A.B. asks: 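Dropping a structure here in structure tokens format, bear with me for questions.
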Amino acid sequence: MINEERVRELFQMAVFDEREEKKCRPMGQYYMWDYVGKELVKSFFSGTIAFVLLVVLWGISDLTALTAYINGTELANLAIRFIVLYVAFMAVYLIVTAAVYCIRYDRGRRKLRKYVEHMKKVRKIYQRESRLKA
């Protein structure tokens, strides 16, 4: 006879394996700050590329204003402004990244805990069935 409770638990485990396993696997392999730190390093490089692209697009969008701005100011002041803008941009970008990945880590860990609970229930069901057969 089919044990409906076991089928239900196994179905929940199969759903997790199919939909959530790849997303939640890193949450089970890393501590929270290791996971967030890894994502911050990746975001640092992508944020730097994004900032450079934004500056290039700004420069391309209005070349006459850019050349007039460069001619009217000293290059040291321009470099300081870009450095300040870069630091501010990266600070905001990395804070948002840390917040997003902390939330993702927390949600992923909760899903993993539910998966482990389903595994424990299935194990207990199998143990109970093996005792009944013996």
Side-chain angles (χ1 to χ4, degrees):
M1 190 163 123
I2 295 177
N3 187 336
E4 291 180 20
E5 182 183 4
R6 180 180 63 196
V7 171
R8 219 176 298 120
E9 296 298 329
L10 289 172
F11 175 76
Q12 292 297 325
M13 290 172 59
V15 167
F16 177 84
D17 287 340
E18 186 69 28
R19 296 181 185 165
E20 303 291 333
E21 183 184 15
K22 287 183 181 179
K23 294 180 209 171
C24 295
R25 185 180 305 142
M27 286 79 167
Q29 294 174 343
Y30 296 106
Y31 291 111
M32 180 178 190
W33 291 111
D34 293 338
Y35 175 73
V36 173
K38 177 182 69 110
E39 297 300 331
L40 284 174
V41 170
K42 291 186 334 189
S43 293
F44 173 78
F45 291 112
S46 65
T48 301
I49 292 169
F51 182 79
V52 169
L53 289 176
L54 286 171
V55 169
V56 168
L57 287 175
W58 171 75
I60 291 173
S61 68
D62 197 7
L63 285 174
T64 56
L66 177 65
T67 55
Y69 183 74
I70 290 174
N71 289 335
T73 62
E74 295 179 18
L75 289 179
N77 289 339
L78 183 64
I80 291 172
R81 282 189 178 176
F82 277 124
I83 290 171
V84 168
L85 283 173
Y86 174 73
V87 169
F89 174 80
M90 289 305 292
V92 170
Y93 189 74
L94 292 176
I95 288 170
V96 169
T97 298
V100 166
Y101 282 101
C102 282
I103 292 169
R104 284 187 186 177
Y105 184 86
D106 187 48
R107 288 181 182 162
R109 288 298 283 199
R110 278 193 230 140
K111 289 177 184 178
L112 283 173
R113 283 189 198 112
K114 286 182 184 178
Y115 181 73
V116 169
E117 288 175 12
H118 290 297
M119 287 177 60
K120 287 179 182 178
K121 287 180 184 177
V122 168
R123 184 174 40 123
K124 287 180 183 178
I125 292 169
Y126 277 124
Q127 287 174 348
R128 188 176 350 136
E129 287 178 358
S130 68
R131 275 186 269 140
L132 290 176
K133 287 182 182 178

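Because the structure is a prediction, the values reported are computed rather than measured.
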A.B. asks: Examine V41 and M32 and state if one hydrophobic cluster contains both, with Ile, Leu, Val, Met, Phe, Trp and Tyr joined whenever side-chain heavy atoms are less than 4.5 Å apart.
C.D. replies: yes
A.B. asks: What pair of heavy atoms forms the shortest contact from G108 to M27, and how long is it?
C.D. replies: CA-CG, 4.1 Å
A.B. asks: Heavy-atom count check: over 12 atoms from other residues, nucleotides or ligands less than 6.0 Å from K114 NZ?
C.D. replies: no
A.B. asks: Which residues pass the side chain to side chain contact (heavy atoms under 4.5 Å, CB included) test with M13, sequence neighbours left out?
C.D. replies: L10, Y115, H118, M119, V122
A.B. asks: Quick one: pull up CD in E5 and CZ in R128 and give me the separation to the nearest 0.5 Å.
C.D. replies: 5.5 Å
A.B. asks: Do R8 and F11 meet the cation-pi criteria used here (NZ or CZ under 6.0 Å from the six-membered ring centre, within 45° of the axis)?
C.D. replies: no
A.B. asks: Give the minimum heavy-atom separation between T97 and S43, together with the two atoms involved.
C.D. replies: CG2-OG, 3.0 Å
A.B. asks: Donor-acceptor check, side chain of Y105 to backbone of Y30, threshold 3.5 angstrom: yes or no?
C.D. replies: yes
A.B. asks: How close do G28 and L112 get, heavy atom to heavy atom, and via which atoms?
C.D. replies: N-CD1, 3.5 Å
A.B. asks: Could E39 and K42 be called an ion pair, given the rule that one side-chain N must be under 4.0 Å from one carboxylate O?
C.D. replies: yes
A.B. asks: Could you go through the side-chain contact (heavy atoms from CB on, under 4.5 Å) check for I103 and R107 one step at a time?
C.D. replies: CA-CA 6 Å; I103 292 169; R107 288 181 182 162; 3.7 Å; yes
A.B. asks: Does Q127, at its CD atom, have more than 12 non-hydrogen atoms belonging to other residues, nucleotides or ligands within less than 6.0 Å?
C.D. replies: yes
A.B. asks: Run the salt-bridge test on D106 and R110 with the 4.0 Å N-O cut-off and return the result as yes or no.
C.D. replies: yes
A.B. asks: If the test is ring-ring contact (aromatic ring centres under 6.0 Å, His included), which one of F45, Y93, F44, F89 qualifies with F51?
C.D. replies: F89
A.B. asks: Indicate the atoms forming the closest heavy-atom contact of A98 with V36, along with that distance.
C.D. replies: CA-CG1, 4.1 Å
A.B. asks: If you count every heavy atom of other residues, nucleotides or ligands that lies below 6.0 Å from E4 atom CD, does the total exceed 12?
C.D. replies: no
A.B. asks: About how many Å separate CD of E9 and NZ of K120, when rounded to the nearest 0.5 Å?
C.D. replies: 13.0 Å
A.B. asks: What about W58 and L85, same hydrophobic cluster or not, with Ile/Leu/Val/Met/Phe/Trp/Tyr joined at side-chain heavy-atom distances under 4.5 Å?
C.D. replies: yes
A.B. asks: Hey, any chance Y86 and L54 share a hydrophobic cluster, counting ILVMFWY side chains that come within less than 4.5 Å of each other, even indirectly?
C.D. replies: yes
A.B. asks: Could you measure the distance from the CG atom of L40 to the CD1 atom of I95? Nearest 0.5 Å is fine.
C.D. replies: 10.0 Å
A.B. asks: Main chain of Y126, side chain of R6: is a donor-acceptor contact present, judged purely on distance under 3.5 Å?
C.D. replies: no
